[in-house]
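Read through the structure below, which is laid out as structure tokens, and then see the notes.
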Amino acid sequence: MFLRFVDEVIRVLGDYGDERFLRESEHADLASTIAFKLAKERKKSPKEIADEIVESLEVDSDYIGSVESKNGYINFFASYEFLEDTVNVILDEDENYGHLNLKGEILIEHTSANPDGPLHIGHIRNSIIGDTLARIFAKAGFNVRTHYYVNDMGRQTAITVLGIEKFGLKGKKPDHAVAEAYIEANKLLESNPELEEYVEKLMLDYERGDEEAVEKFRRAVETALDGIRQTLKAINVEHDEFVWESEFIRNGYVDRVLKALDEKGLIKRDGAWIIELEDFEKEVVIRRENGTTLYITRDLAYHMWKNENYERFINVLGADHKLYGAQLSRILELINLKPPEIVFFEFVSLPEGSMSTRRGKFISADELIGKVKEEAWKIISGREMDEGEKRKIANAVAVGAIRFDFIKIAPEKHMTFDWSKALDFERQTASYIQYSHARACSILRKAVEDGMPELEFKGELCSSGERKLVMLLSKMPYMVKRVVEELRPNVFAEYLLGVAGAFNDFYRDHPVLKAEAEIRMHRLAIVDATRIVLRNGLELLGIEPLERM
RNA sequence: GGACCCGUAGCCUAGCAGGAUAGGGCGUGGGCCUCCUAAGCCCAAGGUCGCGGGUUCGAAUCCCGCCGGGUCCGCCA
């Protein structure tokens with residue numbers, strides 16, 4: 001709805017309707033700073049120009065209530081009709097509210113952690129960003145598929161195979177068992193360097209498609225993925241497909257990419273096959289001297305496939321892949337393929353330094369999930385509620401806390417993991433939003449008990465607090481649009497927190513159930529609209545909207 | 001050596017196609033349950049927006065240089 005308001009403002013401004021100079025503002029519903037930009041060329045003060053523009057405007061929009069010129073700003077205020085339509089649209093669209101009518105096929109690749117052990121708290125930052133983007137893109141109207149790209153051809157998989165052969169899989173959660181074998185195998189390799197040759201042979205056999213090797217690799221990788229899937233499921237993340245790197249060797253795409261590069265005369269043969277890129281210090285090797293391919297070769301093939309099947313494809317990658325991503329993109333462009341859109345996120349480190357699966361130095365996602373659930377249980381266990389429901393609430397609060405903690409931070413911010421913060425549910429977190437939602441539900445439940453009226457929101461009954469809340473509610477589709485355009489899901493988390501805050505302010509100052517009939521009806525409409533926005537919003541963040549807590 | 005990211009109160013963070021008094025939260029001190037869920041709300045203290053230049057009527061935001069932290073520069077993935 002807010003998007004419609006913006007459109008109206010642009011239309012009414014006519015020649016001055018430049019979107020670049022429109023700002024959300026605490027002083028207005030929308031403000032234009034165009035007068036400041038024109039001040040110099042017109043040799044007048046911004047204030048004079050703003051006055052003149054406002055004077056000349058023909059405000060023929062039902063959604064614009066008033067326009068003022070103040071301190072050089074042109075301030076637009078929404079009309080009662082806009083507020084009324086906003087609430088009505090929300091109540092009417094209900095679970096669809098927030099949608100945009102965008103169309104297209106989108107692929108989002110995320111997580112894609114090496115299958116050599118459990119996911120750690122760095123990996124799930126990737127998963128949570130990717131999954132949240134997928135949810136928001138789907139809300140925007142796109143047809144979204146999610147992929148987990150499985151690195152089954154790496155040296156680390158070969159080492160894992162070695163580990164499983166030498167030490168077996170101890171009966172824990174499968175991904176943790178794989179990690180143990182992998183860590184042991186790494187130690188073994190350090191003390192017995194002659195085993196390198198065997199690892200090398202495993203890799204060669206696997207790339208050749210040797211049956212026995214394929215069987216061994218498949219078992220190791222599937223075991224790890226089995227555990228990884230369980231972890232992801234626990235935080236409400238599911239992939240549509242797991243795409244194995246090796247597929248692209250077997251299905252001919254690797255050969256096709258190499259051929260395309262060769263036809264463009266881009267390959268320098270010097271034993272190995274090499275591509276030289278302008279602006280990059282180092283050349284890129286795409287085929288080893290021994291004839292085998294490298295990670296980037298298969299990834300190029302994967303992206304050729306993506307080009308053929310999707311309009312937009314987005315990868316979520318750790319910032320350590322920035323150079324890699326730039327090289328990949330450049331090479332794709334050289335053979336006239338579209339590069340992926342990449343969302344980079346900075347590392348999650350421990351207070352004592354960075355994590356490493358190989359050295360067994362990491363906090364697993366499973367450990368985090370377990371501890372946060374315990375903490376949530378401590379808070380709720382004493383309440384008088386059905387045991388099963390308490391479990392369900394503790395679980396939803398814990399998963400919400402984890403997802404929200406990761407998603408609310410801008411991707412480019414480095415994070416240092418801190419247990420005391422991870423286990424703290426006080427405010428600024430999912431539970432705050434879930435709680436606001438539960439409060440709204442509670443009011444509505446009670447209203448139903450003593451007779452729910454036909455809901456009707458009335459603009460002229462609006463207090464400034466109510467107005468502020470409804471304006472925020474109108475922005476949900478606008479926020480979906482921003483995330484789709486900017487690929488920064490944290491702005492949506494920030495938004496939802498704002499809605500919850502505005503609702504809590506409303507809750508404090510506006511009795512609903514005890515208000516006289518007309519106001520009661522009007523406020524119930526606001527509560528219901530807020531409930532819908534909070535519920536839809538939480539779902540976009542992959543967090544369960546609780547009705548009681 | 002080269003490249004990228006980050007640097008906002010004790011701690012975490014928003015704002016960064018320049019614009020109206022830099023928003024929140026944690027923590028600290030004080031207050032609010034005869035009233036719709038206190039996982040909430042209110043008040044207070046706390047800021048050289050890393051430092052130094054520059055551009056501009058105007059800079060947390062743009063440019064240059066430093067400093068601090070992180071990351072990357074494999075015939076690894």
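Quick note: numbers below take in every heavy atom, side chains included, and nothing from hydrogens, waters or symmetry partners. Sequence lines set the chain letters: A, B, ... in the order given, protein chains first and strands last, and positions in each chain run from 1.
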Name each donor-acceptor pair under 3.5 Å that joins a side chain in residues 482-489 of chain A to protein atoms two or more places apart or in another chain, with its distance.
{"residue": "A:R482", "atom": "NE", "partner": "A:E486", "partner atom": "OE2", "Å": "3.0"}
{"residue": "A:R482", "atom": "NH2", "partner": "A:E486", "partner atom": "OE1", "Å": "3.4"}
{"residue": "A:R488", "atom": "NH1", "partner": "A:E412", "partner atom": "OE1", "Å": "3.3"}
{"residue": "A:R488", "atom": "NH1", "partner": "A:E412", "partner atom": "OE2", "Å": "3.1"}

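Comparing the P positions of B:U61 and B:A22 gives a spacing of 15 Å, expressed to the nearest Å. Rounded to a whole angstrom, the distance from the P atom of B:A44 to that of B:C26 is 16 Å. Rounded to whole Å, the separation between the P atoms of B:C62 and B:U8 comes to 15 Å. For the C1' atom pair drawn from B:G65 and B:U55, the interatomic distance equals 15 Å after rounding to whole Å. The gap from the C1' atom of B:A60 to that of B:G23 amounts to 13 Å, rounded to the nearest Å. Annotation: B:C35 and B:G10 have their P atoms spaced 41 Å apart (nearest Å). Only the C1' atoms considered, B:G15 is 15 Å distant from B:U21, to the nearest whole Å. Between B:C66 and B:U13, the two C1' atoms lie 26 Å apart (nearest whole Å).
Straight-line distance from the CD1 atom of A:I409 to the C1' atom of B:G25: 11 Å, rounded to whole Å. Going from atom CD1 of A:I275 over to atom C1' of B:C75 covers 13 Å, rounded to whole Å. In this structure, the CD atom of A:E346 is 12 Å from the P atom of B:U13, given to the nearest Å. For the pair A:K373 NZ and B:A39 P, the interatomic distance rounds to 22 Å; values are reported in whole Å. Residue A:F280 contributes atom CZ, which lies 12 Å from atom C1' of B:C72 at whole-angstrom precision.
Residue A:R298 is classed as a sugar-phosphate contact, given heavy-atom separations below 4.0 Å to backbone atoms only. The residue A:E281 sits close to a base: some heavy atom pair falls under 4.0 Å. A:N290 comes within 4.0 angstrom of nothing in the nucleic acid, heavy atoms only. Within 4.0 Å (heavy atoms only), A:F344 reaches no atom of the nucleic acid at all. Across all strands shown, A:I393 has heavy atoms under 4.0 Å from base atoms, whether or not it also approaches the sugar-phosphate. A:N71 comes within 4.0 angstrom of a nucleotide base, judged by non-hydrogen atoms across all strands. The residue A:R548 sits close to a base: some heavy atom pair falls under 4.0 Å. Residue contacts shown for A:Q434 are absent, as no nucleic acid heavy atom lies under 4.0 Å away. Residue contacts shown for A:E547 include a base, since a base heavy atom lies under 4.0 Å away. A:L323 comes within 4.0 angstrom of the backbone, heavy atoms only, and of no base. Backbone-only engagement by A:H414 is indicated by non-hydrogen atom pairs under 4.0 Å involving sugar-phosphate atoms exclusively. At a threshold of 4.0 angstrom between heavy atoms, the contacts of A:H437 with the nucleic acid are absent.
Heavy-atom distances to RNA chain B give each of A:T293 and A:P511 a nearest nucleotide, and the one nearer the 5′ end belongs to A:P511. Of the residues near RNA chain B, A:N75 and A:K322, the one whose nearest nucleotide (by heavy atom distance) lies more toward the 5' end is A:K322.
Under the Watson-Crick and G-U wobble criteria, each requiring two contacts below 3.5 Å, nucleotide B:G65 is paired to B:C51. Here B:G18 sits opposite no nucleotide as a Watson-Crick or G-U wobble pair (both hydrogen-bonding atom distances under 3.5 Å). Pairing partner, B:G1: B:C73, with both Watson-Crick or wobble hydrogen-bond distances short of 3.5 Å.
Note that the CG atom of A:D116 and the CD1 atom of A:I159 stand 9.0 Å from one another [nearest 0.5 Å]. Atom CZ in A:R548 sits 9.5 Å away from atom NZ in A:K392 (nearest 0.5 Å).
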Could I get a table of every N or O pair under 3.5 Å where one atom is in the protein and the other is in nucleotides 33-35 of chain B?
{"residue": "B:C35", "atom": "O2'", "partner": "A:K514", "partner atom": "NZ", "Å": "2.9"}

Show me the protein contacts with nucleotides 8-10 of chain B, counting only N or O atoms at under 3.5 Å.
none

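Between the side chains of A:S69 and A:D51, at least one donor-acceptor pair of N or O atoms lies under 3.5 Å. Under 3.5 Å, the side chains of A:N315 and A:Y149 contain no donor-acceptor pair of N or O atoms.
For B:A39, its base never sits under 3.5 Å from the side chain of A:D424 at any donor and acceptor pair. Within 3.5 Å, no donor on the side chain of A:T157 pairs with an acceptor on the base of B:A77, nor the reverse. Scanning atom types as modelled, one donor and one acceptor separated by under 3.5 angstrom connect the side chain of A:R383 and the base of B:A39.
Ring planes of A:Y302 and A:F248: tilted class, angle from 30 to 60°. Taking the six-membered ring for Trp and thresholds of 30 and 60 degrees, A:F362 and A:H120 have ring planes inclined between 30 and 60 degrees apart.
An OP1 or OP2 oxygen of B:C41 is reached within less than 4.0 angstrom by a side-chain nitrogen or oxygen of A:N504. Taking 4.0 angstrom as the limit, A:R439 places a side-chain polar atom (N or O) nearer than this to OP1 or OP2 of B:A38.
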**Item:** Under 4.0 Å protein heavy-atom contacts per nucleotide of nucleotides 54-63 of chain B, with B for base, S for backbone only and - for none
**Value:** --SS------

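Among residues at least two apart or in separate chains, ring pair (Phe, Tyr, Trp, His ring centres under 6.0 Å) pairs with a member in residues 392-421 of chain A are A:F417-A:W419.
Proximity of residues 480-503 of chain A to RNA chain B (heavy atom under 4.0 angstrom from any strand atom) is restricted to A:R488, A:E494.
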